[in-house]
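Structure, as structure tokens:
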Number of protein chains: 2
Amino acid sequence: MSPLTVTELAAWTGFLRLHQRLARELDAELEQAHGLSLGDYDVLTQLESADGHRLRMADLADAVLLTRSGLTRLVDRLQHRGLVERVKCSSDQRGMHAQLTEEGLARLHAARPTHLAGVRRGFLDELSQDETRALADLWARLGA
Amino acid sequence: MSPLTVTELAAWTGFLRLHQRLARELDAELEQAHGLSLGDYDVLTQLESADGHRLRMADLADAVLLTRSGLTRLVDRLQHRGLVERVKCSSDQRGMHAQLTEEGLARLHAARPTHLAGVRRGFLDELSQDETRALADLWARLGA
DNA sequence: CCCTGGTAGTTGCGCGATCAACGACCTGCT
DNA sequence: AGCAGGTCGTTGATCGCGCAACTACCAGGG
């Protein structure tokens with residue numbers, strides 16, 4: 001396996017470093033301002049955009065890239081705080097829906113400006129429109 | 001705060017999702033093939049490229065974006081496995097160097113092909129040369 | 001000289017995530 | 001009908017990390 005060129009290395013490690021830095025910054029900011037972790041925010045957002053503000057546990061886990069067990073506990077915490085509730089699935093007795101509550105929606109809306117500002121400040125603001133589109137296309141390609 | 005455009009959203013979430021997926025894939029692969037986590041590999045690599053294969057704890061922590069406490073324990077584990085050793089700093093009685101051992105270097109070299117193959121397969125192979133350069137430049141700009 | 005403010009590294013604690021194992025349930029085949 | 005194999009969500013155990021507190025040490029000013 002031939003070594004990476006300097007440019008390749010920079011393209012890869014820059015990706016890693018930026019993610020680590022940004023994830024920590026934005027998480028801290030959101031936690032401090034609204035008591036939500038990035039994971040909380042991610043789950044809430046997925047639920048908001050889902051039909052009826054509810055999602056099957058497994059689908060939600062896939063959407064936020066957590067294991068099922070990781071999601072179980074994250075939903076536990078959100079439920080305990082009243083931001084989400086569990087609803088039995090009618091068509092499958094094993095299944096559960098995670099359902100956004102009124103309060104969950106409100107908290108999400110309250111937190112959104114903070115988070116969007118952070119994402120812009122740390123990421124989008126540095127990108128031209130062309131670059132933004134190029135990145136979006138690139139991630140789509142890499143996801144397939 | 002105005003909402004994100006679809007493209008902006010894709011540029012951001014794609015970044016997040018790709019990182020989560022890749023980090024998990026590459027970590028599992030490296031763990032299974034060589035018993036090293038990505039964090040282990042990262043530390044070993046930093047030490048390899050450092051002068052005398054050694055680095056002050058604080059500098060190493062900065063290089064791999066861990067807190068000092070996180071690094072202390074990571075080095076604990078590596079030391080326990082004989083891949084790294086701690087050396088007192090001569091110029092500062094508080095200071096410690098993390099120093100790569102022979103075995104640590106060997107393990108790193110053994111693991112490198114696996115890791116490079118994974119990075120290429122999941123990331124670099126999908127990029128044209130121009131894109132690779134553009135990304136490297138972009139990360140550099142975002143780092144400042 | 002010492003004393004104050006700051007830095008280096010380690011530690012106790014708590015959190016959040018994974019993995020493996022489990023019970024409950026579904027589905028298709030015989 | 002009954003069983004085999006797979007899926008859904010949860011749980012117990014464990015791990016790695018950050019935060020805050022701590023000790024040891026450094027450096028500069030009175």
Side-chain angles (χ1 to χ4, degrees), chain A residues 16 19-32 35-44 54-81 83-99, chain B residues 16 19-32 35-44 54-81 83-99:
Chain A
L16 293 181
H19 179 275
Q20 285 175 300
R21 189 170 63 75
L22 238 44
R24 210 176 300 179
E25 266 180 38
L26 298 183
D27 188 73
E29 185 177 48
L30 206 56
E31 186 73 52
Q32 130 106 36
L36 293 177
S37 70
L38 266 189
D40 297 340
Y41 184 91
D42 203 357
V43 161
L44 262 26
R54 62 169 57 187
L55 236 35
R56 284 291 291 268
M57 295 294 283
D59 294 336
L60 186 49
D62 289 349
V64 300
L65 288 195
L66 283 188
T67 25
R68 278 135 207 261
S69 103
L71 183 77
T72 290
R73 291 184 229 265
L74 179 42
V75 168
D76 283 349
R77 297 190 296 272
L78 291 174
Q79 182 172 22
H80 189 257
R81 294 196 283 162
L83 307 185
V84 146
E85 52 193 5
R86 280 180 164 87
V87 182
K88 273 196 128 74
C89 175
S90 54
S91 63
D92 185 337
Q93 291 304 101
R94 297 165 302 181
M96 295 293 271
H97 293 277
Q99 160 97 33
Chain B
L16 292 181
H19 179 275
Q20 286 175 302
R21 189 169 62 75
L22 237 44
R24 207 175 302 181
E25 265 180 39
L26 297 183
D27 188 73
E29 185 177 49
L30 207 56
E31 186 73 52
Q32 130 108 34
L36 293 176
S37 71
L38 267 188
D40 298 339
Y41 185 91
D42 204 357
V43 163
L44 262 26
R54 63 169 56 188
L55 237 35
R56 284 293 289 269
M57 294 295 283
D59 295 336
L60 186 50
D62 289 349
V64 300
L65 289 196
L66 283 188
T67 50
R68 286 156 158 71
S69 103
L71 183 76
T72 290
R73 291 183 231 264
L74 179 42
V75 168
D76 282 349
R77 296 190 296 272
L78 291 174
Q79 183 172 21
H80 190 258
R81 294 197 280 161
L83 307 186
V84 146
E85 53 193 5
R86 279 181 165 86
V87 182
K88 273 195 127 74
C89 176
S90 54
S91 63
D92 185 338
Q93 290 304 102
R94 297 166 300 180
M96 295 293 272
H97 293 276
Q99 160 96 35

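Computed over heavy atoms, backbone and side chain alike; hydrogens, waters and symmetry mates excluded. Proteins get letters first, then strands, A, B, ... in listed order; numbering begins at 1 in each.
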*Examine distances only and state if a side-chain atom of A/Asp27 and a backbone atom of A/Leu38 form a donor-acceptor pair shorter than 3.5 Å.*
yes
*Are OP1 or OP2 of D/dG9 and a side-chain N or O of A/Arg86 less than 4.0 angstrom apart?*
no
*Any side-chain N or O of B/Arg68 less than 4.0 Å from the OP1 or OP2 oxygen of C/dA8?*
yes
[X] has an atom [atom1]; how far is it from atom [atom2] of [N], in whole Å?
| X | N | atom1 | atom2 | answer |
| --- | --- | --- | --- | --- |
| B/Leu38 | C/dT18 | CG | P | 15 Å |
| B/Leu66 | D/dC19 | CG | C1' | 14 Å |
| A/Gln93 | D/dT10 | CD | P | 15 Å |
| A/Asp92 | D/dG6 | CG | C1' | 12 Å |
| A/His97 | D/dC8 | NE2 | P | 13 Å |
| B/Leu55 | C/dG9 | CG | C1' | 15 Å |
| A/Lys88 | D/dT10 | NZ | P | 10 Å |
| A/Arg81 | C/dC15 | CZ | C1' | 13 Å |

_Salt bridge B/Asp40-B/Arg81, side-chain N to carboxylate O under 4.0 Å_ = yes
*Take A/His97 and A/Lys88, measure what side chain to side chain contact (heavy atoms under 4.5 Å, CB included) needs, and give me the verdict at the end.*
CA-CA 6 Å; A/His97 293 277; A/Lys88 273 196 128 74; over 6 Å; no
*Of all the nucleotides listed (C/dA17, D/dT10, D/dC26), which has the minimum atom distance to the side chain of A/Met57?*
D/dT10
*Which residues within residues 69-77 of chain A lie with some heavy atom under 4.0 Å of an atom in DNA chain C?*
A/Ser69, A/Gly70, A/Arg73, A/Arg77
*Taking it one step at a time, do A/Leu65 and A/Asp42 satisfy side chain to side chain contact (heavy atoms under 4.5 Å, CB included)?*
CA-CA 10 Å; A/Leu65 288 195; A/Asp42 203 357; over 6 Å; no
*Any side-chain donor-acceptor pair under 3.5 Å between B/Gln99 and B/Arg86?*
no
*Taking for each residue the nucleotide of DNA chain D bearing the nearest heavy atom, is the 5' side occupied by A/Arg56 or by B/Thr67?*
A/Arg56
_Most 5' of A/Arg24 and A/Ala58 on DNA chain D, judged by nearest nucleotide_ = A/Ala58
*Begin from the C-alpha positions of A/Arg54 and A/Asp59 and carry the test salt bridge (Lys or Arg N to Asp or Glu O under 4.0 Å) through to its verdict.*
CA-CA 10 Å; A/Arg54 62 169 57 187; A/Asp59 294 336; over 6 Å; no
*Where do A/Leu16 and B/His19 land on the side chain to side chain contact (heavy atoms under 4.5 Å, CB included) test, with the steps shown first?*
CA-CA 7 Å; A/Leu16 293 181; B/His19 179 275; 3.9 Å; yes
